[in-house]
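Predicted, not measured: the structure shown is a model, and the values here were computed from it. We're numbering straight along the sequence, starting at 1. The basis for the numbers below is simple: all heavy atoms, side chains too, and nothing from hydrogens, waters or symmetry mates.
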Amino acid sequence: MDIYLTQEDSIQVLNVDGRLDATSVANFDAEWKKLLDEGTEKLVVNFSNLEYISSAGLRGVLMLAKTAKMKKTNLVFAGMQHMVADMFRISGFASILQTTANVSEAVQKLK
């Protein structure tokens, strides 16, 4: 898994590529925790290049969402491929988390 940070219109975009599973979720958690600890107010998590998410990855997503809510960080998940979108739908995350088709839509939503 590769994780890297970009910025669009002063909004932080956390790009997560590859697989988010038990072996990589600790890296994902460390990256978003760092951003929220730094006071990030608006965050887009870009899953457009995420090929697979396991239950461990979903737990990481849930922890991010709970922490973001607690810290009053506006959070949007963007650009999910079919498998990841299906996992969000099946788990019920799609109904409780903000999602968009791509990063541009997410940035517009957060403006």
Side-chain angles (χ1 to χ4, degrees):
M1 178 184 70
D2 290 322
I3 300 176
Y4 57 97
L5 192 63
T6 57
Q7 202 166 11
E8 267 197 51
D9 294 339
S10 74
I11 295 174
Q12 300 281 14
V13 179
L14 186 64
N15 301 278
V16 184
D17 300 353
R19 298 172 60 91
L20 183 53
D21 55 24
T23 60
S24 59
V25 72
N27 292 337
F28 173 69
D29 291 348
E31 290 298 321
W32 65 255
K33 284 176 184 175
K34 179 179 165 191
L35 289 171
L36 296 187
D37 287 347
E38 291 172 352
T40 298
E41 294 178 5
K42 298 177 181 179
L43 178 62
V44 174
V45 179
N46 180 12
F47 281 162
S48 61
N49 291 316
L50 187 67
E51 300 162 1
Y52 174 80
I53 189 167
S54 70
S55 59
L58 288 172
R59 280 191 300 277
V61 166
L62 184 59
M63 290 306 302
L64 165 55
K66 285 182 176 184
T67 306
K69 185 174 182 177
M70 185 180 70
K71 292 189 177 247
K72 297 183 176 26
T73 299
N74 292 316
L75 175 66
V76 179
F77 295 88
M80 289 180 255
Q81 295 183 30
H82 277 304
M83 184 274 177
V84 176
D86 285 347
M87 290 295 286
F88 263 60
R89 184 181 48 76
I90 292 166
S91 66
F93 285 15
S95 63
I96 61 171
L97 301 175
Q98 287 192 71
T99 62
T100 61
N102 56 52
V103 171
S104 296
E105 286 181 22
V107 168
Q108 289 303 314
K109 190 175 252 193
L110 290 175
K111 282 187 174 181

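With values rounded to the nearest 0.5 angstrom, N46 atom CG is found 9.0 Å from L14 atom CG. Atom-to-atom distance recorded for F28:CZ and K33:NZ is 10.5 Å, nearest 0.5 angstrom. Rounding to the nearest 0.5 Å gives a distance of 10.5 Å between CE of M87 and CG of L50. How far CD1 of I53 is from CE of M1: 10.0 Å, rounded to the nearest 0.5 Å. Separation of atoms NZ (K72) and CD (E41) is listed at 12.0 Å; rounding is to 0.5 Å. Between the CG atom of D17 and the CG atom of N49 there is a distance of 4.5 Å, given to the nearest 0.5 Å.
Pairing each heavy atom of V25 with each of G60, the nearest pair is CG2-CA, 3.9 Å. When all heavy atoms of E51 and Q81 are compared, the pair lying nearest together is CA-OE1, 4.2 Å. When all heavy atoms of T99 and M80 are compared, the pair lying nearest together is CG2-CE, 3.2 Å.
Using a 4.5 Å cut-off on side-chain heavy atoms (C-beta onward), L36 and L64 make contact. Contact of the V84 side chain with the L20 side chain is not registered, since no non-hydrogen atoms from C-beta on lie closer than 4.5 Å. Looking at L35 and L5, their side chains come closer than 4.5 Å, going by heavy atoms from C-beta outward.
Linking ILVMFWY side-chain heavy atoms closer than 4.5 Å, directly or via other members, places Y4 and L75 in two distinct hydrophobic clusters. I3 and V13 end up in different hydrophobic clusters when Ile, Leu, Val, Met, Phe, Trp and Tyr side chains are linked at under 4.5 Å. Criterion: ILVMFWY side-chain heavy atoms under 4.5 Å apart, direct or through other members. Under it, V76 and L62 are not part of a common hydrophobic cluster. Under the 4.5 Å side-chain heavy-atom criterion for grouping Ile, Leu, Val, Met, Phe, Trp and Tyr, M70 is not connected to L43 through any hydrophobic cluster.
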Exercise. Please walk me through it: do F88 and F77 pass ring-ring contact (aromatic ring centres under 6.0 Å, His included)?
Worked result: CA-CA 10 Å; F88 263 60; F77 295 88; 5.7 Å; yes
Exercise. How far apart are the C-alpha atoms of L97 and V61, what are their side-chain angles, what is the distance that settles it, and do they pass the side-chain contact (heavy atoms from CB on, under 4.5 Å) test?
Worked result: CA-CA 10 Å; L97 301 175; V61 166; 3.8 Å; yes
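T40 places no side-chain N or O within donor-acceptor distance of the main-chain N or O of K42, the cut-off being under 3.5 Å.
Using a cut-off of 4.0 Å between Lys/Arg side-chain N and Asp/Glu carboxylate O, R89 and D86 are scored as salt-bridged.
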With a 3.5 Å cut-off and sequence neighbours excluded, list the donor-acceptor pairs that the side chains of residues 103-111 form with protein atoms.
unit_1	atom_1	unit_2	atom_2	d
E105	OE1	A101	N	3.4
K111	NZ	D9	OD2	2.8

